[in-house]
Amino acid sequence: MIVISDTSPLSNLLVIGKLDLLADLFEKVFIPSAVWEELSLLSDFEVDPSPIKDAPWIFIHEPQNQVLIKELRKELDPGEAASIALALELNISTILIDEKPGRLLAKKYELTPTGVLGILLRAKDAGFLELVKPELHKLKDKAGFYISAPLYQHVLDIAGERS
């Protein structure tokens with residue numbers, strides 16, 4: 001399966017040391033240059049983004065529909081807008097995106113959004129991850145990823161893990 005990714009799933013997986021889960025789950029991951037530009041800012045937070053750029057299964061591909069990107073930019077940041085535009089142009093239905101406004105717009109365009117939590121659940125289901133709970137803690141503690149208490153419990157319930 002080939003997917004498009006926004007910044008957040010990549011950066012969060014990188015920070016918790018689980019970027020390779022994407023290679024386990026997906027054949028290729030395409031990102032627009034706007035996402036790479038956002039990822040390159042990780043170095044400002046003492047996180048080296050080069051594993052993302054050096055991954056042989058991550059490809060930078062530029063969307064062409066600037067009219068759509070401009071329209072999407074009214075509600076989304078550059079990476080989210082370019083990711084949705086790229087998914088539509090390449091006819092790739094699955095988009096890795098965490099932020100609620102981006103997920104809602106992706107659904108509006110009949111794309112299937114999944115975020116970092118969904119990736120962790122897929123990885124466990126596919127046997128690439130033994131437990132989700134430690135990764136949730138890393139997301140919160142290392143990456144500063146906000147997970148509400150109900151969502152945290154819901155993810156653990158899906159994973160078959162007790163809190």
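Excluded from the calculations below are hydrogen atoms, water molecules and symmetry mates; all remaining heavy atoms, backbone and side chain alike, are included. Here the structure is a predicted model, which means the values were calculated and not measured.
To the nearest 0.5 Å, atoms CD1 (Ile31) and NZ (Lys53) are separated by 9.0 Å. Taken to the nearest 0.5 Å, the CD atom of Glu161 stands 6.0 Å off from the CG atom of Leu156. Put simply, CG on Leu129 and NZ on Lys18 are 5.5 Å apart, with the number rounded to the nearest 0.5 Å. Note that the CD1 atom of Ile147 and the OH atom of Tyr152 stand 7.5 Å from one another [nearest 0.5 Å]. Atoms NE2 and NZ, from His61 and Lys28 in turn, are 11.0 Å apart once rounded to the nearest 0.5 Å. Taken from CZ in Arg103 to CD in Glu80, the straight-line distance is 11.0 Å, to the nearest 0.5 Å.
Hydrophobic cluster of Ile92: the remaining members, joined at side-chain heavy-atom separations below 4.5 Å, are Ile2, Ile4, Phe30, Phe59, Leu68, Leu72, Leu76, Ile84, Leu86, Leu88, Leu90, Ile95, Ile97, Leu105, Tyr109, Leu111, listed by chain and number.
Contact annotation: the side chain of Pro101 never approaches that of Glu75 to less than 4.5 Å [non-hydrogen atoms, C-beta and beyond]. Residues Val3 and Leu25 have side chains not in contact (no heavy-atom distance under 4.5 Å, counting atoms from C-beta outward). Between Leu139 and Glu135, every side-chain heavy-atom pair lies at or beyond the 4.5 Å cut-off. A 4.5 Å side-chain heavy-atom check between Ser5 and Val35 finds every atom pair outside the cut-off. Side chains of Val15 and Phe145 form no contact here, defined as non-hydrogen atoms less than 4.5 Å apart.
Linking ILVMFWY residues whenever their side-chain heavy atoms come closer than 4.5 Å, directly or via other members, leaves Leu131 and Leu121 in distinct clusters. Linking Ile, Leu, Val, Met, Phe, Trp and Tyr residues whenever their side-chain heavy atoms come within less than 4.5 Å leaves Val116 and Leu104 in two separate clusters. The hydrophobic clustering, which links ILVMFWY residues whose side-chain heavy atoms are closer than 4.5 Å, places Leu13 and Met1 together.
The backbone N or O of Glu62 lies less than 3.5 Å from a partner atom in the side chain of Gln64, making a donor-acceptor pair.
Contact detail for Gly115 and Asp98: the closest heavy-atom pair is CA-OD1, 3.0 Å. Summarising the geometry of Glu37 relative to Ser40, their closest heavy-atom pair is O-OG, 2.7 Å, with the distance given to 0.1 Å. Shortest non-hydrogen contact noted between Glu38 and Gly79 is OE2-N, 3.0 Å. Considering every non-hydrogen atom in both Pro78 and Ala34, the closest pair reads O-CB, 3.8 Å. Nearest heavy atoms, Leu14 versus Pro49: CD2-CA, 4.0 Å.
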Just do the side chain to side chain contact (heavy atoms under 4.5 Å, CB included) check on Val132 and Leu117 with the steps written out, would you? CA-CA 9 Å; Val132 170; Leu117 302 178; over 6 Å; no

Worked verdict on Leu22 versus Leu96 for side chain to side chain contact (heavy atoms under 4.5 Å, CB included): CA-CA 10 Å; Leu22 293 176; Leu96 308 180; 3.8 Å; yes

Go through Trp57 and Asp20 one step at a time and tell me if the side chain to side chain contact (heavy atoms under 4.5 Å, CB included) criterion holds. CA-CA 10 Å; Trp57 40 270; Asp20 286 342; 4.0 Å; yes

Show your working on side chain to side chain contact (heavy atoms under 4.5 Å, CB included) between Leu42 and Leu39 and close with a plain yes or no. CA-CA 6 Å; Leu42 288 171; Leu39 289 166; 4.1 Å; yes

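For Asn91, the CG atom is loosely surrounded, since the number of other residues' heavy atoms within 6.0 Å does not exceed 12.
Using modelled atom types, one finds no donor on one side chain facing an acceptor on the other under 3.5 Å when comparing Asp6 with Ser8.
Here His154 pairs with nothing under the ring-ring contact (aromatic ring centres under 6.0 Å, His included) rule; sequence neighbours left out.
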